[in-house]
Amino acid sequence: VNLVSLDLTQLNDDKQAMLSALGVIGPPTMVFLTAKRREPAATRLVGEFSASDLAASARKAREDSL
C-alpha cells in the first residue's frame, strides 16, 4: 500500500490536472487505486467518514488488487 497526499492549499496547474484526472471535485476526498491504477467500485470517500468506512474501502481496494 502506498499513500499519496496532495496538498491543495496552493492550487496550481499540475494539481488541478491531478484532480481532473481522478474526477475529484475538491477536498476532502480519498481515492483508492489498485496496482493497475484502477479505482474499485464503491471505495471513494468524500467528506467526513468513519474509521470503519476507511477500513472497508482499503480492504476492497486491496482485494481488487490481488
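Any value given below was found using the heavy atoms of this structure, including those in side chains, with hydrogens, waters and symmetry copies removed. Note that the coordinates shown come from a computational prediction; the quantities given were computed from them, not determined experimentally.
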**OP:** Return the minimal non-hydrogen interatomic distance between Lys60 and Ala41, and the atom names on each side.
**Re:** CE-O, 3.6 Å
Original post:
Honestly curious: do Met18 and Leu33 fall in one hydrophobic cluster under the side-chain, below-4.5 Å linking rule?
Top reply: yes
Subject >> Arg44: partners by salt bridge (Lys or Arg N to Asp or Glu O under 4.0 Å), with sequence neighbours left out >> reply: Glu39
**OP:** Work out which heavy atom in Thr43 is nearest to a heavy atom in Phe32; give both atom names and the distance.
**Re:** O-CD1, 3.2 Å
**OP:** Mind listing the closest non-hydrogen atom pair of Ala42 and Ser57 along with its distance?
**Re:** O-OG, 4.3 Å
Original post:
Looking at Ala35 and Ser65, what are the two nearest heavy atoms and their distance?
Top reply: N-OG, 3.4 Å
Subject >> Under the salt bridge (Lys or Arg N to Asp or Glu O under 4.0 Å) test, residues paired with Arg38 that sit two or more places apart >> reply: Asp64
Subject >> Name of the residue among Leu8, Thr29, Val46, Leu6 meeting side chain to side chain contact (heavy atoms under 4.5 Å, CB included) with Val24 >> reply: Thr29
Subject >> Nearest-0.5 Å distance, NZ of residue Lys15 to OG1 of residue Thr9 >> reply: 5.5 Å
Original post:
What are the two closest heavy atoms between Ala61 and Pro40, and how far apart are they?
Top reply: CA-CG, 3.7 Å
**OP:** May I ask you to check whether over 12 heavy atoms, not counting those of Asn12, lie within 6.0 Å of atom CG?
**Re:** yes
